[in-house]
Amino acid sequence: MKQKIIELIRKVVPKETVIEITVPENSKFGDYSTNVAFSLAKIKNKSPLVLAEEIRKKILSTKPAILKKIEVASPGFINFFLSDKAYETVLKEILKSQKNYGRGGKRKEKISLDYLDANPTGPVHLGHARGGLYGDVLSNVLEFAGYKVSREFYVNNAKSSGQIKSLGATALGKGKEYEHDQLLSLLKKPSVKSALKKIKLESEAGAYIAKLIQKENENFLEKKAKIHFNLFFSEESIYQKKLIEKLLTELHEKNLVYKKDGALWFIAKSYGDSEDRVFVRSDGTPTYVLPDLVYHLDRLRSRKYEKVIDIFGADHHGYGPRLKGALSALGVNRERVEVLIAQTVRLTKNGKEFKMSKREGVFVTLEELIKQVGLDVARFFFITVSLDTHFDFDFMLAKKHSLKNPVYYVQYAIVRAENILKKAKNNPAIAGPASDFKSLTTKEDKQLILELGRFPEVIEDTARDYRLHRLTKYAGELARAFHNFYQKERVIGEAKEKAAARLALVTATIIVLKNLFGVLGISTPKKM
RNA sequence: GCCCUCGUAGCUUAAUGGACAAAGCAGGACUCUUCUAAGGUCUUGAUGGGGGUUCGAUUCCCUCCGAGGGCACCA
């Protein structure tokens, strides 16, 4: 519906005008509203009120069927009120498109998303959960909007890295850094015990354990957290394929690096970073950036994704400019790389904060969280807040209020809707499909249809700005419209025509809710 | 010390230049002989302080205060 209104406006304003449409909070300002007269006022040096009136008249002269009226409100907003025809169009479209309602047409652009990236040195904990769930749902949205999406997990398993060596040392009893439950239970297995006996090198022991941990984590993510990936990119494989050397050659050829103090430095400062960065240490080993650059070039150059999105934790926020700088130095357009930073989740328990740190071994695992509050709640919870909010999460409170949770509110709507369908099925009084929707005239009918009609634009807007909390917010609004309808209106018991029309409306609600749940990755319970 | 992010109702969060700042939870008052009351209706209550830009600022700029994160030849 939004798109249709934008088209109406576009016909009567200069080509390059940016048209923004909002859904006003107060219904007296219409179903949709635009401030386009304000931006035009600056260019044309005319009063926004006068311009708004001009636009209103021009649109009206095209006799748009989807609009009942257009109002101009001081100081220059233009408010649109939908016609009955528009409501009917929405319902028909939903019933016709079914599973594909809201789905965007196939787009050429391919997007590669990288998220979660939990190190293979320990379990997936709450710190990973936010970015991980965000990445999973964002992938769903982008796919639903029509993009081809690759869901990727970069595995930090390089044998030469400090953390793998340290993991190996812990496994061999020569260190304590990674002495957590996951490792300890692995070490109890006879097969692991005997395998480790044959290994002397810490890096080899670390690589062996990392592989096992990674496998456990992958399994957990897929089966229990429903966070999906289609590619696990191994850092170690980059070393084995000698791709670092290849990249270094390119960096030298392009004069992007220099020697200082025995190390090799990248001229990061010339590419927007605050200072130059070491790429190869004085002992000859590469820093983390080099393999990561290889990985990004693999996505951007070899596999030719138009866009790559990385979701990093807050502790990596300084890393984005470095990565982008190096990539642009190598000739990649910065615009193709999007770095999203997931701010820290602070966990409070009984009003007291406790830190999640691998080093201290007192982290809360995602598995534990799911066990405590349920998968649907956990997923919904993290998606409800914007990524750049420092998020305080009271563990006890989440558990305590889980019955009053917004997730249940939304799921309850679909349970109620399904129940109506089930009862109607055995009721001969409302057999047959609706011939028209003229009988849907109450405020509740219309509000519900209006919300259903917003679904495609919610998907589209979210695929554009990646703000996933729009989805959960919309879910609440749609559910509210339905609960309201359910409370005040009847389906079974109404006259035949009306009952059929209402039944179609309920069916449409189920379709939209299911499509939305699919994107959010939450379940649709049969009863509650 | 420098850099990044954040500060909104009692609590957790929306609103990223637009209209009387929006929800949920918590608090108060109503509401089921009806397709599940895990529902509906009403209600109390907020932009950290101070400047500036703008027709219009939670949003942009400056400054102060507060919280978190980063400033490695860690990943």
Side-chain angles (χ1 to χ4, degrees), chain A residues 20 22 24-26 28-29 33-35 38-39 41-42 47-49 73-77 79 117 119 121 154 156 158 161-164 166 235 260-265 274-275 277-289 291-292 313-321 341 343-344 346 348 351 353 381 384-394 397-398 400-409 411-413 415-424 427 444 465 467 469-470 472-473 476-477 479-480 482-493 502-503 506 527-528:
Chain A
E20 278 178 30
T22 56
E25 211 66 59
N26 191 324
K28 80 175 180 195
F29 295 132
S33 177
T34 183
N35 63 351
F38 292 102
S39 39
K42 272 186 197 136
S47 132
L49 210 54
S74 179
F77 296 99
N79 300 330
D117 290 0
N119 288 330
T121 51
Y154 181 76
N156 292 296
S161 71
Q163 61 171 0
I164 295 296
S166 183
E235 184 188 12
K260 196 182 99 186
D261 305 331
L264 191 70
W265 297 70
S274 53
E275 52 195 296
R277 304 289 175 180
V278 169
F279 271 19
V280 180
R281 300 179 192 110
S282 47
D283 67 359
T285 58
T287 57
Y288 174 74
V289 197
D292 202 20
D315 53 340
H316 280 59
H317 79 253
Y319 180 66
I341 302 295
Q343 280 301 333
T344 42
R346 257 199 330 182
T348 54
E353 184 198 348
F381 218 102
T384 311
V385 291
S386 151
L387 259 199
D388 43 41
T389 298
H390 297 256
F391 180 24
D392 280 352
F393 182 173
D394 190 320
L397 206 65
K400 195 170 131 200
H401 296 322
S402 59
L403 278 182
K404 276 260 175 189
N405 202 288
V407 191
Y408 295 102
Y409 182 81
Q411 288 178 324
Y412 189 38
V415 170
R416 282 179 144 181
E418 293 275 17
N419 257 332
I420 296 175
L421 285 199
K422 209 162 72 189
K423 295 224 165 161
N427 192 329
E444 284 71 27
D465 67 11
R467 286 193 212 158
H469 54 268
R470 182 186 286 108
T472 47
K473 199 173 168 226
E477 285 160 0
R480 173 173 295 275
F482 180 76
H483 284 308
N484 241 307
F485 163 86
Y486 184 93
Q487 176 73 23
K488 300 205 180 104
E489 310 298 344
R490 305 261 97 202
V491 178
I492 297 158
R502 286 251 164 89
L503 202 61
V506 172
K527 63 177 174 183
M528 298 182 79

Asks: Measuring from A/Arg470:CZ to A/Asp465:CG, what's the distance to the nearest 0.5 Å?
Replies: 4.0 Å
Asks: Mind listing the N/O atom pairs, protein and nucleotides 57-59 of chain B, below 3.5 Å?
Replies:
none

Asks: Which value, in whole Å, describes the distance between the C1' atoms of nucleotides B/U44 and B/G10?
Replies: 11 Å
Asks: With heavy atoms under 4.0 Å as the rule, sort A/Thr285 into base, sugar-phosphate or nothing.
Replies: nothing
Asks: According to a 3.5 Å limit on both distances, what stems of 3 or more consecutive Watson-Crick or G-U pairs are formed with RNA chain B?
Replies: B:1-7 with B:65-71, B:10-13 with B:22-25, B:27-31 with B:39-43, B:48-52 with B:60-64
Asks: If you measure from the C1' atom in B/U53 to the same atom in B/C60, how many Å do you get, rounded?
Replies: 8 Å
Asks: Does the base of B/C73 carry an N or O that pairs as donor and acceptor with the side chain of A/Asp283 under 3.5 Å?
Replies: no
Asks: Nearest to the side chain of A/Thr287 - B/C73, B/U13, B/C20?
Replies: B/C73
Asks: For B/U41, take OP1 and OP2 only and decide whether either is under 4.0 Å from a side-chain N or O of A/Asn484.
Replies: yes
Asks: Taking only side-chain N and O atoms of A/Arg490, does any of them lie within less than 4.0 angstrom of OP1 or OP2 on B/U34?
Replies: no
Asks: Return the minimal non-hydrogen interatomic distance between A/His317 and A/Ile341, and the atom names on each side.
Replies: CA-CD1, 3.7 Å
Asks: Would a distance-only check, ignoring hydrogens and angles, find a side-chain to backbone donor-acceptor pair under 3.5 Å from A/Thr287 to A/Val280?
Replies: no
Asks: What residues, two or more places apart in sequence or in another chain, satisfy side-chain hydrogen bond (donor to acceptor under 3.5 Å, both in side chains) together with A/Glu418?
Replies: A/Lys514
Asks: Distance check: side-chain N/O of A/Asn419 vs OP1/OP2 of B/U36, anything under 4.0 Å?
Replies: yes
Asks: Rounded to the nearest 0.5 Å, how far apart are CG of A/Asn156 and CG of A/Asp292?
Replies: 8.0 Å
Asks: Specify the closest pair of heavy atoms between A/Gln163 and A/Asn119, including all atoms of both residues, with the distance to one decimal.
Replies: OE1-ND2, 3.1 Å
Asks: When the C1' atoms of B/G45 and B/G24 are considered, how many whole Å apart are they?
Replies: 14 Å
Asks: Could you work out, with side-chain hydrogen bond (donor to acceptor under 3.5 Å, both in side chains) as the rule, every residue matching A/Asn35, not counting sequence neighbours?
Replies: none
Asks: Hey, what do you get for OG1 (A/Thr344) to CZ (A/Phe391), rounding to the nearest 0.5 Å?
Replies: 11.0 Å
Asks: If you check every side-chain atom of A/Tyr412, which of B/G70, B/U12, B/A37 has the closest atom?
Replies: B/A37
Asks: Checking A/Asn419 now: which residues fulfil side-chain hydrogen bond (donor to acceptor under 3.5 Å, both in side chains) with it, not counting sequence neighbours?
Replies: none
Asks: What contact category does A/Lys527 fall into here, base, sugar-phosphate, or nothing, at under 4.0 angstrom with non-hydrogen atoms?
Replies: base
Asks: Test A/Val289 against A/Tyr319 for side chain to side chain contact (heavy atoms under 4.5 Å, CB included), laying out the working first.
Replies: CA-CA 9 Å; A/Val289 197; A/Tyr319 180 66; 4.2 Å; yes
Asks: Do nucleotides 1-10 of chain B as a string where each nucleotide becomes B, S or -: B if the base has a protein heavy atom under 4.0 Å, S if just the sugar-phosphate does, - if no protein is that close.
Replies: ---BBS----
Asks: Would you kindly give the OH-to-P distance between A/Tyr486 and B/A38, to the nearest whole Å?
Replies: 10 Å
Asks: Between A/Met528 and A/Phe381, who's closer to the 5' end of RNA chain B by nearest nucleotide?
Replies: A/Phe381
Asks: Toward the 5' end of RNA chain B, which comes first, A/Thr384 or A/His483, by nearest nucleotide?
Replies: A/Thr384
Asks: Within the structure shown, what part of the strands sits under 4.0 Å from A/Val280 by heavy-atom distance: base, sugar-phosphate, or nothing?
Replies: nothing
Asks: Would you say A/Tyr409 places a side-chain N or O within less than 4.0 Å of OP1 or OP2 belonging to B/G40?
Replies: yes
Asks: Classify the ring geometry between A/Tyr412 and A/His483 as parallel (under 30°), tilted (30 to 60°) or perpendicular (over 60°).
Replies: tilted
Asks: So which atom in A/Ala41 and which in A/Ser47 form the shortest heavy-atom distance, rounded to 0.1 Å?
Replies: CB-C, 4.5 Å
Asks: Taking only residues two or more places apart in sequence, or in another chain, which ones meet A/Asp117 in a side-chain contact (heavy atoms from CB on, under 4.5 Å)?
Replies: A/Asp114, A/Phe153, A/Tyr154
Asks: Which pair of heavy atoms, one from A/Ser74 and one from A/Leu49, lies closest together, and at what distance?
Replies: CA-CD1, 3.8 Å
Asks: If you compare all heavy atoms of A/Ser282 against all heavy atoms of A/Ala263, which two are closest, and at what distance to 0.1 Å?
Replies: N-CB, 3.9 Å
Asks: Quick one, A/Ser161 and A/Tyr288 - any side-chain contact, counting heavy atoms below 4.5 Å?
Replies: no
Asks: Can you tell which of B/A14, B/U16, B/A75 lies closest to the side chain of A/Tyr319?
Replies: B/A75
Asks: Short question: side chain of A/Arg467, backbone of A/Ser386 - any donor-acceptor pair under 3.5 Å?
Replies: no
Asks: Describe the nucleic acid contact of A/Asp292 in one word from base, sugar-phosphate, nothing, applying a heavy-atom distance below 4.0 Å.
Replies: nothing
Asks: Side-chain contact, heavy-atom cut-off 4.5 Å: A/Asp392 with A/Arg346?
Replies: yes
Asks: Using a cut-off of under 3.5 Å, enumerate the N/O to N/O pairs linking the protein to nucleotides 44-47 of chain B.
Replies:
none

Asks: Can you tell me which nucleotide in B/A75, B/G39, B/A15 comes closest to the side chain of A/Glu235?
Replies: B/A75
Asks: Rounding to an integer number of angstrom, what distance separates B/G49 and B/A67 when you compare their C1' atoms?
Replies: 16 Å
Asks: Is there a side-chain polar atom (N or O) of A/Arg281 under 4.0 Å from OP1 or OP2 of B/C74?
Replies: yes
Asks: Shorter than 3.5 Å, N or O on both sides, protein versus nucleotides 17-19 of chain B: list them out with atom names.
Replies:
unit_1: B/G18; atom_1: N7; unit_2: A/Asn35; atom_2: ND2; d: 3.2
unit_1: B/A19; atom_1: N6; unit_2: A/Ser33; atom_2: OG; d: 2.2
unit_1: B/A19; atom_1: N6; unit_2: A/Asn79; atom_2: OD1; d: 2.9
unit_1: B/A19; atom_1: N1; unit_2: A/Asn79; atom_2: OD1; d: 3.2
unit_1: B/A19; atom_1: N1; unit_2: A/Asn79; atom_2: ND2; d: 3.2

Asks: By side-chain hydrogen bond (donor to acceptor under 3.5 Å, both in side chains), which residues pair with A/Lys488, not counting sequence neighbours?
Replies: A/Asn484
Asks: Pick base, sugar-phosphate or nothing for A/Ala263, based on heavy-atom distances below 4.0 Å to the nucleic acid.
Replies: base
Asks: Give me the distances for all protein-to-nucleotides 22-24 of chain B N/O pairs that come in under 3.5 Å?
Replies:
unit_1: B/G24; atom_1: OP1; unit_2: A/Arg480; atom_2: NH2; d: 2.2

Asks: Taking the same atom, C1', in B/C61 and in B/G17, what whole-Å distance lies between them?
Replies: 14 Å
Asks: If you measure from the C1' atom in B/G50 to the same atom in B/C30, how many Å do you get, rounded?
Replies: 45 Å
Asks: With sugar-phosphate meaning primed atoms plus P, OP1 and OP2, does A/Phe391 contact a base, only sugar-phosphate, or nothing at under 4.0 Å between heavy atoms?
Replies: sugar-phosphate
Asks: With syn defined as a glycosidic torsion within 90 degrees of 0 and anti otherwise, which applies to B/C32?
Replies: syn
Asks: Excluding sequence neighbours, so at least two apart, what forms ring-ring contact (aromatic ring centres under 6.0 Å, His included) with A/Tyr408?
Replies: none
Asks: Within the pair A/Arg346 and B/U12, is there a side-chain N or O less than 4.0 Å away from OP1 or OP2?
Replies: no
Asks: In terms of the angle between their ring planes, are A/Phe485 and A/Phe482 parallel, tilted or perpendicular, with boundaries placed at 30° and 60°?
Replies: tilted
Asks: Just call it for A/His316: base, sugar-phosphate, or nothing, with non-hydrogen atoms closer than 4.0 Å on any strand.
Replies: base
